[in-house]
Amino acid sequence: MAETPVIEVRSITKRFKGLTAVKDVSFSIKKGGITGMIGPNGAGKSTTFNMICGYYPPTEGHIFYNGVDITDKKAHEYTNMKIARTFQIMKPLKNLSVLDNVIASCYFGHAGAKSAKEARERAIEILQFTGLYEKRHVLSKDMGTPDQKRLEMARALATKPEVLFLDENMAGLNPAETEEAIKLIRKINESGVTILLIEHIMQAVVSLCEEVIVLHHGEKIAEGTPEEVMNDPYVMEVYLGIKKEDEADA
Ligand SMILES: Nc1ncnc2c1ncn2[C@@H]1O[C@H](COP(=O)(O)OP(=O)(O)OP(=O)(O)O)[C@@H](O)[C@H]1O
């Protein structure tokens with residue numbers, strides 16, 4: 001019998017008044033893998049993500065976590081369920097040091113620290129893991145984008161998640177910084193964390209993901225390995241702007 005997926009999304013739809021942002025989308029996420037979600041601007045990626053993360057309920061449909069219906073769970077209940085997320089617009093505690101930011105997160109979730117000593121020790125471990133240890137005394141507001149993105153991941157990891165949702169974690173990074181981010185995401189996954197990421201940077205999606213879901217105008221138009229979806233004629237047309245006949249003409 002097939003293993004129960006960590007996350008299963010069944011026919012979710014989200015309507016904002018007259019606008020259908022996501023329409024009848026279904027997919028599942030395998031335990032231990034890295035799944036990517038791609039699509040042009042306005043395709044419905046963030047809306048789908050926000051529904052899976054409990055930020056708003058689907059208008060229709062259901063979301064299951066390890067086989068249990070979590071459709072009605074709220075975002076604040078997620079860390080207790082071993083699910084963490086990062087935000088496209090980063091949300092560090094700006095006037096706190098990197099270390100204190102991570103210490104604060106160590107108190108949340110199913111494994112919330114029971115003492116200041118435990119929180120500090122765990123935070124230091126995570127800073128070493130994420131490569132931020134040398135910058136532990138820097139105020140988070142004084143760091144550049146790559147380190148702020150790294151801090152987002154460190155804060156999420158402080159809650160000891162089983163599943164991590166990454167929302168455009170590589171936006172604004174140069175190619176070298178992107179490579180570093182890819183390495184860190186792979187390392188997090190190898191430590192046993194299942195990952196779902198929204199990403200515009202194809203290099204990252206191809207390099208990291210075993211499965212890719214493609215959205216367009218709120219609908220799922222393809223899913224499969226990066227190679228399969230990149231070679232899907234509809235994906236090439238709507239997402240990459242390449243038509244098969246253009247290729248033939250070239
Ligand atoms: N809270 C909201 N109220 C009304 N409309 C919304 C809301 N959130 C998203 N939308 C609309 O839903 C559609 C899908 O938006 P969404 O942000 O999910 O797309 P996206 O694929 O994440 O785009 P991007 O890559 O630009 O972040 C868009 O037309 C957007 O304007």
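The first residue of the sequence shown is numbered 1, and numbering continues consecutively from there.
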S11 and D24 side chains, donor-acceptor separation under 3.5 Å:
yes
Which residues pass the salt bridge (charged side-chain N to carboxylate O under 4.0 Å, His left out) test with K31, not counting sequence neighbours?
none
Test of understanding: with side chain to side chain donor-acceptor pair (under 3.5 Å), list the residues that count as partners of N95, not counting sequence neighbours.
K141
Could you work out, with salt bridge (charged side-chain N to carboxylate O under 4.0 Å, His left out) as the rule, every residue matching D232, not counting sequence neighbours?
none
With ring-ring contact (aromatic ring centres under 6.0 Å, His included) as the rule and sequence neighbours excluded, what pairs involving residues 12-34 come up?
F16-Y56
side-chain contact (heavy atoms from CB on, under 4.5 Å), paired with F165, selected from I52, N50, I198, T194:
I52
Determine whether M170 and K149 make a side-chain contact, defined as any pair of heavy atoms from C-beta on separated by less than 4.5 Å.
no
Residues in salt bridge (charged side-chain N to carboxylate O under 4.0 Å, His left out) with R122, at least two apart?
E118
Measure the CD1-CG distance between I34 and L196 for me, rounded to the nearest 0.5 Å.
10.5 Å
Excluding sequence neighbours, so at least two apart, what forms side chain to side chain donor-acceptor pair (under 3.5 Å) with E179?
Q203
Does the side chain of M37 reach to within under 4.5 Å of the side chain of L215, using non-hydrogen atoms?
yes
More than 12 heavy atoms of other residues, nucleotides or ligands under 6.0 Å from NZ of K23: yes or no?
no
Does F64 belong to the same Ile/Leu/Val/Met/Phe/Trp/Tyr cluster as V9, with side-chain heavy atoms less than 4.5 Å apart forming each link?
no
Got a sec, which residues hit salt bridge (charged side-chain N to carboxylate O under 4.0 Å, His left out) with R10, two or more places apart in sequence or on another chain?
E8
Considering only heavy atoms from C-beta outward, does the side chain of R150 approach that of L184 to under 4.5 Å?
yes
Side chains of N169 and T86: any donor to acceptor distance under 3.5 Å?
yes
Is any side-chain heavy atom of T71 less than 4.5 Å from a side-chain heavy atom of P58?
yes
Residue pairs passing the salt bridge (Lys or Arg N to Asp or Glu O under 4.0 Å) test where at least one lies in residues 102-114, sequence neighbours excluded:
none
Heavy-atom distance under 4.5 Å between the side chains of P226 and V212, does that happen here?
yes
Short N-O contact, R186 and E190, less than 4.0 angstrom
no
Any side-chain donor paired with an acceptor under 3.5 Å for N174 and E177?
yes
Note, V235 side chain near M230 side chain (heavy atom, < 4.5 Å)
no
Is it true that R136 and N101 share a donor-acceptor pair across their side chains at a distance under 3.5 Å?
no
For K14, is the NZ atom crowded, meaning more than 12 foreign heavy atoms sit under 6.0 Å from it?
yes
Co-membership, hydrophobic cluster, residues L139 and L99, 4.5 Å side-chain
no
Report the residues that fulfil ring-ring contact (aromatic ring centres under 6.0 Å, His included) with Y78, sequence neighbours left out, ordered by chain and then residue number.
none
Measure the shortest side-chain to side-chain distance between C209 and L197 over non-hydrogen atoms and say whether it is less than 4.5 angstrom.
yes
Using the ring-ring contact (aromatic ring centres under 6.0 Å, His included) rule, collect all pairs that involve residues 119-151, keeping only residues at least two apart or in two chains.
none
Partner of L166 by side-chain contact (heavy atoms from CB on, under 4.5 Å), out of I188, L208, I195:
I195
Who pairs with E210 by side chain to side chain donor-acceptor pair (under 3.5 Å), at least two apart in sequence or on another chain?
none
Test of understanding: with side chain to side chain donor-acceptor pair (under 3.5 Å), list the residues that count as partners of E60, not counting sequence neighbours.
R15
Keeping E168 on the side-chain end and E199 on the backbone end, is there a donor-acceptor pair under 3.5 Å?
no
